[in-house]
Each structure stands twice: as structure tokens, then as C-alpha cells.
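Letters A, B, ... mirror the listed sequences (proteins, then strands); counts begin at 1. Small disclaimer: the values here were computed from a predicted structure and weren't measured.
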Amino acid sequence: MSKFSLAVHGGAGTILPKNLTPALEAGYHAGLRRALEVGQEILAKGGSAMDAVTASVCALEDEPLFNSGRGAVFTTEGVQEMDASVMDGRNRMAGAVSGIFGPRNPIRAARAVMENTDHVMLIGPNALKVARDAGLPFEDAAYFFTQERWDALQSTMKMRAEGIEDNDPARRHG
Amino acid sequence: TVGAVACDVNGNLAAATSTGGMTAKAPGRVGDTPIIGAGTYADNATCAVSCTGHGEVFIRYTAAAEIAARMRHAGQSLEDAARHVVMEDLGKNDGSGGLIAVDAKGNITLPFNCDGMYRGSVTQDGDFETLIYR
């Protein structure tokens with residue numbers, strides 16, 4: 001028997017350190033903690049690493065503070081495109097989806113690709129079909145929209161229109 | 001971008017990563033998150049890895065799989081392999097960001113080469129930790 005362990009990361013899109021208020025910072029800590037707790041609960045009961053990472057990422061996708069699922073950032077065209085992947089260390093099985101919109105938890109769509117198809121990555125309509133066939137919940141645009149992400153898009157587009165160069169690497173992070 | 005890596009009581013590893021991409025990205029642009037070996041990787045013989053950062057550079061350096069390769073071929077520890085990839089391969093080539101990784105002994109490492117990374121970990125001993133900056 002091994003000792004279990006779990007780690008998570010939760011990126012917040014374009015947010016610079018100077019804009020991080022104490023309240024916002026507390027929200028990020030709480031969101032990370034929740035993601036750890038759901039995964040830890042699975043591992044403590046002898047559950048699999050795959051189930052733990054899936055549950056933890058679902059918790060992060062459900063939290064609008066983080067840039068994935070609900071709270072995902074917007075493209076230049078004002079839409080959201082989501083990517084996700086999973087890999088199982090037992091057998092190198094893997095699943096991924098890219099450029100999708102609709103499944104509440106893109107990570108579960110990626111896992112459905114791994115478990116229910118012969119493929120590793122699917123995009124577009126066929127990725128969504130795999131998610132639907134797996135019975136995964138879908139949400140509409142209102143569920144995924146957050147004002148903060150929309151404002152960040154407008155701010156970035158305005159900077160670009162004004163020719164302002166921003167070399168802050170944080171803007172290139174997901 | 002969000003992600004998780006885990007080692008269970010049977011020594012099995014897994015990794016998961018999910019993202020909305022970059023703010024104001026070009027439609028159709030895909031970063032490292034869904035690319036197996038770049039943003040996500042798991043193999044019980046070495047490690048499980050989930051990355052976050054400047055995706056194009058993580059893809060060019062196959063960041064996640066490179067950590068496993070260093071462990072497998074060079075006999076490096078998880079921490080040494082991850083640190084090299086983040087600080088040298090990525091950090092010296094405009095690849096800002098970081099990653100989380102775990103090995104089959106349950107060791108965890110969370111290196112990053114930028115101002116901060118929103119991250120957390122828990123062990124079987126129940127030691128919860130969440131961090132943003134160094």
C-alpha cells in the first residue's frame with residue numbers, strides 16, 4: 001500500500017497580482033480547498049487516483065473564479081472554447097477534448113473519450129456527441145458567463161485596439 | 001487553467017487538466033492543456049503531471065512528458081526533473097508558468113517560474129495546504 005497524495009492548481013485567467021484583493025484571494029483559497037477535499041475524500045476511502053483527479057477538476061470547473069468550465073475566458077469573438085484532458089497512469093489510457101462548449105464539466109467529456117471510444121482526442125460535434133451519449137449534463141451560455149471574464153476581454157481588446165503592448169506573461173496564461 | 005494529479009493507496013497515478021484558454025485568444029487556438037505529453041501526462045512508472053502557463057512553449061518542449069523522461073532515463077527524482085523543466089527548459093525559453101506533479105511514492109512537487117501559481121495539496125496525513133504566491 002502507498003500513501004495517497006493529491007495536488008491541484010487553479011488558474012484565474014487574466015488577473016494581475018495588483019488586482020488581487022484580500023476577498024478575492026480568500027475565494028481562491030476556499031476554491032482550491034474544496035477541490036482538495038472532494039479528491040481527498042475519494043482517496044481516503046481507497047478510491048482511484050483517476051476518480052480523485054476527475055472530482056477535483058469538476059469542483060474547479062464549477063467554481064467561476066477559475067478559468068475552466070463555468071468562468072472560462074472569452075475568445076476575440078466573444079465566445080468560450082474549452083479544452084480538457086485526462087491520463088491514467090495504470091495503462092497510459094488518455095482522453096481529451098478541444099474547442100468545445102456545452103458540457104458542464106469538460107473534464108468528464110475528456111474522460112468519456114478515454115473510456116467510451118478508441119480515440120485519444122476528439123474535437124467539435126463528435127466530442128459533444130460522446131459527451132451526450134455518456135449522459136453528461138450540458139449547460140447554456142448563461143451558465144458559463146461571468147461578468148469578470150467579459151470585462152477582461154473588453155479590456156484586452158481595448159488595449160490591442162490602442163496598440164498598447166503588454167508583455168506581462170500572466171496574460172498568456174490560462 | 002485548472003488541474004489535478006493524484007497517487008492513490010495502490011500507487012496508481014492520474015492527471016487531469018481543464019481550461020478556457022487565454023483571454024482574447026484567437027478562435028481555434030489550442031494550448032497545451034488537451035495535448036497529452038505537453039500539458040497532461042501520467043505513467044505509474046514515473047509521475048503524473050498537469051501544467052499551466054504559456055501553452056505554446058509547453059507544447060514545443062513536451063513539458064509533462066519531459067519530466068517523466070528525465071526520471072526514466074536519467075534517474076532523476078520527481079523534484080529535480082520537474083524543476084529542470086520549469087526553470088530551464090521553459091523558464092529560459094519564454095515559457096512562463098508552472099505545473100503540479102506527483103510520483104508513485106506520493107511525493108508532490110509544485111514548481112513555477114512566474115509570480116505565483118494558485119495551487120494546493122493534501123497528503124494521507126491530512127495536511128491541507130493552499131498557496132498563491134511563493
Side chain to side chain, Arg92(A) and Asp43(B), heavy atoms closer than 4.5 Å: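 A side-chain contact under 4.5 Å exists here.
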Ile132(B) side chain reached by Leu20(A) side chain, heavy atoms, under 4.5 Å: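 Sidechains of Ile132(B) and Leu20(A): in contact.
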Going from [atom1] on [X] to [atom2] on [Y], what distance comes out if it is rounded to the nearest 0.5 angstrom?
X: Leu99(B); Y: His9(A); atom1: CG; atom2: NE2; value: 8.0 Å
X: Thr40(B); Y: Asp83(A); atom1: OG1; atom2: CG; value: 10.5 Å
X: Thr17(B); Y: Leu60(A); atom1: OG1; atom2: CG; value: 11.0 Å
X: His29(A); Y: Thr130(B); atom1: NE2; atom2: OG1; value: 5.0 Å
X: Phe4(A); Y: Asp125(B); atom1: CZ; atom2: CG; value: 8.5 Å
X: Asp32(B); Y: Ser85(A); atom1: CG; atom2: OG; value: 8.5 Å

Please flag which part of [X] lies under 4.5 Å from any non-hydrogen atom of chain B: side chain, backbone, both or neither.
X: Val97(A); value: backbone
X: Arg160(A); value: side chain
X: Met157(A); value: side chain
X: Glu81(A); value: both

Does any backbone or side-chain atom of [X] lie under 4.5 Å from a heavy atom of chain A? Answer side chain, backbone, both or neither.
X: Val5(B); result: both
X: Leu131(B); result: backbone
X: Ile108(B); result: side chain

Chain A: which of [options] shares the most heavy-atom pairs with it under 4.5 Å?
options: Gly28(B), Ala104(B), Ala26(B); answer: Gly28(B)
options: Gly39(B), Gly106(B), Cys47(B), Ala24(B); answer: Ala24(B)
options: Gly31(B), Ala48(B), Ala45(B), Ser50(B); answer: Ser50(B)
options: Ile35(B), Val102(B), Ile100(B), Thr109(B); answer: Ile100(B)

I'd like to know which of [options] tops the heavy-atom pair count under 4.5 Å against chain B.
options: Asp88(A), Ile123(A), Asn91(A); value: Asp88(A)
options: Val53(A), Leu32(A), Ile42(A); value: Val53(A)
options: Met93(A), Met50(A), Arg33(A); value: Arg33(A)

Can you see which heavy atom on [X] is nearest to which on [Y], and at what distance?
X: Leu36(A); Y: Ser121(B); value: CD1-N, 3.5 Å
X: Ala52(A); Y: Ala6(B); value: CB-CB, 4.4 Å
X: Ala16(B); Y: Ile107(A); value: CB-CD1, 3.7 Å
X: Ser98(A); Y: Val30(B); value: OG-CG2, 3.2 Å
X: Ala4(B); Y: Ser56(A); value: CB-CB, 3.9 Å
X: Val2(B); Y: Gly11(A); value: CG1-N, 4.3 Å

Starting from [Y], can I reach [X] by hopping between I/L/V/M/F/W/Y residues whose side chains sit under 4.5 Å apart?
X: Leu90(B); Y: Met87(B); result: yes
X: Leu6(A); Y: Leu78(B); result: no
X: Val57(A); Y: Val86(A); result: yes
X: Leu128(A); Y: Val113(A); result: yes
X: Tyr61(B); Y: Val85(B); result: yes

Would you say Glu37(A) has more than 12 foreign heavy atoms packed within less than 6.0 Å of its CD?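 Enclosed: over 12 neighbouring heavy atoms sit under 6.0 Å from CD of Glu37(A).
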Counting only heavy atoms not in Glu41(A), do more than 12 sit closer than 6.0 Å to its CD atom?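 No, because the 6.0 Å sphere around CD of Glu41(A) holds 12 heavy atoms or fewer from other groups.
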Show your reasoning for whether side chain to side chain contact (heavy atoms under 4.5 Å, CB included) applies to Leu65(A) and Tyr118(B). CA-CA 11 Å; Leu65(A) 285 175; Tyr118(B) 299 43; over 6 Å; no
Report yes or no: does [X] contribute a side-chain atom to a donor-acceptor pair with the main-chain N or O of [Y] at less than 3.5 Å?
X: Asn67(A); Y: Gly21(B); result: yes
X: Thr75(A); Y: Pro27(B); result: no
X: Asp8(B); Y: Ala49(A); result: yes

For a side chain to side chain contact (heavy atoms under 4.5 Å, CB included) check, start with the C-alpha distance between Ile36(B) and Met121(A), then their side-chain angles and the critical distance, and finish with the verdict. CA-CA 9 Å; Ile36(B) 300 299; Met121(A) 177 184 277; over 6 Å; no
